[in-house]
Amino acid sequence: METNWKQTDEESERFFENHTDELKKASATARDFFGAVQLARRQAKENGILPVRNEHGEFQWTIQQGLKAACHAREDISATLQIQVAVLQRLDRNRNLLWLAIVILGYVAYRLS
């Protein structure tokens, strides 16, 4: 029985997109992380650095893909930085809320004593 690799790859890609969309619903951090994962995957696909199937259905990379992947490594770094910035911004907001809570609790303690 001959395997239809194109159909298999399309189904795999749809599964990846749907699964990461579901995982993004867990939290804001998950949304940022899996959004960056999807972005990195799409950019790799657009740049042609994902492996291609040979005549036996096995994945392989060409030398040109390897060279191109080395040149596009900055996109992975960019995705990592996008995640870090979003998480750090949330931490800053949490710190501000913590200071506000301390001020309110201090005021309540002062009024009760």
Side-chain angles (χ1 to χ4, degrees):
M1 184 174 140
E2 184 71 25
T3 303
N4 185 348
W5 292 115
K6 183 176 180 174
Q7 181 181 2
T8 302
D9 292 342
E10 288 172 355
E11 288 173 6
S12 176
E13 191 66 30
R14 276 194 306 274
F15 175 78
F16 171 79
E17 289 291 330
N18 292 337
H19 188 62
T20 51
D21 283 340
E22 285 297 316
L23 292 171
K24 287 192 312 189
K25 295 176 183 176
S27 67
T29 303
R31 182 178 60 245
D32 292 335
F33 176 78
F34 290 109
V37 168
Q38 285 178 326
L39 178 63
R41 170 79 177 207
R42 289 177 191 143
Q43 287 176 341
K45 189 174 182 180
E46 289 171 7
N47 292 326
I49 56 177
L50 292 179
V52 293
R53 290 192 185 269
N54 63 14
E55 62 274 2
H56 305 292
E58 299 169 338
F59 286 117
Q60 66 182 21
W61 285 269
T62 63
I63 293 172
Q64 291 81 10
Q65 285 177 312
L67 295 172
K68 193 183 285 188
C71 293
H72 290 287
R74 70 184 184 281
E75 294 172 1
D76 292 338
I77 294 167
S78 173
T80 302
L81 291 175
Q82 289 173 4
I83 294 167
Q84 289 176 344
V85 166
V87 170
L88 290 173
Q89 286 174 341
R90 278 194 286 285
L91 288 174
D92 282 344
R93 282 195 304 265
N94 289 344
R95 185 189 64 199
N96 293 339
L97 287 174
L98 177 65
W99 280 113
L100 180 64
I102 289 172
V103 168
I104 291 171
L105 289 173
Y107 177 75
V108 169
Y110 172 76
R111 294 294 288 175
L112 289 176
S113 60

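Start at 1 with the first residue, then count along the sequence.
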**Q** State the CG-CZ distance between Leu39 and Phe34, to the nearest 0.5 angstrom.
**A**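 Interatomic distance, Leu39 CG to Phe34 CZ, rounded to 0.5 Å: 14.5 Å.
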
**Q** Within this structure, what is the NZ-CG distance for the pair Lys24 and Asp21, rounded to the nearest 0.5 Å?
**A**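 Here the interatomic distance stands at 5.0 Å.
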
**Q** Would a 4.5 Å heavy-atom cut-off, applied to side chains only, mark Leu97 and Arg93 as touching?
**A**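 The answer is no; the side chains never approach within 4.5 Å.
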
**Q** Hey, does Gln89 have a side-chain heavy atom less than 4.5 Å from the side chain of Asp32?
**A**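 No, too far: nothing below the 4.5 Å cut-off.
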
**Q** Is the number of heavy atoms from other residues, nucleotides or ligands within 6.0 Å of CD1 (Ile63) greater than 12?
**A**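 Count not over threshold, so no.
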
**Q** If you round to the nearest 0.5 Å, how far is CG of Leu91 from CG of Asn96?
**A**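 That separation rounds to 11.0 Å.
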
**Q** Which atom names give the shortest non-hydrogen contact between Lys68 and Asn47, and what distance separates them?
**A**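 Closest approach of Lys68 to Asn47: CD-O, 2.9 Å.
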
**Q** Indicate yes or no for a side-chain donor-acceptor contact from Thr8 to the backbone of Asn4 under 3.5 Å, with no hydrogens or angles considered.
**A**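 Judged by distance alone, yes, a pair lies under 3.5 Å.
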
**Q** Mind listing the closest non-hydrogen atom pair of Ile49 and Trp61 along with its distance?
**A**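 Shortest heavy-atom contact: O-NE1, 3.4 Å.
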
**Q** Can you tell me how far the CD1 atom of Ile104 sits from the CH2 atom of Trp99, to the nearest 0.5 Å?
**A**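 It is 14.0 Å, given to the nearest 0.5 Å.
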
**Q** Using the test salt bridge (Lys or Arg N to Asp or Glu O under 4.0 Å), find all partners of Lys6 that sit at least two apart in sequence or belong to another chain.
**A**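 Listed in chain order: nothing, the list is empty.
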
**Q** Can you check whether Glu22 reaches Asn18 side chain to side chain, under 4.5 Å on heavy atoms?
**A**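 They are not in side-chain contact.
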
**Q** Under the rule for side chain to side chain contact (heavy atoms under 4.5 Å, CB included), what residues qualify as partners of Arg41, not counting sequence neighbours?
**A**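 With neighbours one apart ignored, the set is Glu13, Phe16, Leu50.
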
**Q** Please list all pairs meeting salt bridge (charged side-chain N to carboxylate O under 4.0 Å, His left out) that have one or both residues in residues 49-62, counting only residues at least two apart or in different chains.
**A**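 Output for this query lists Asp9-Arg53.
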
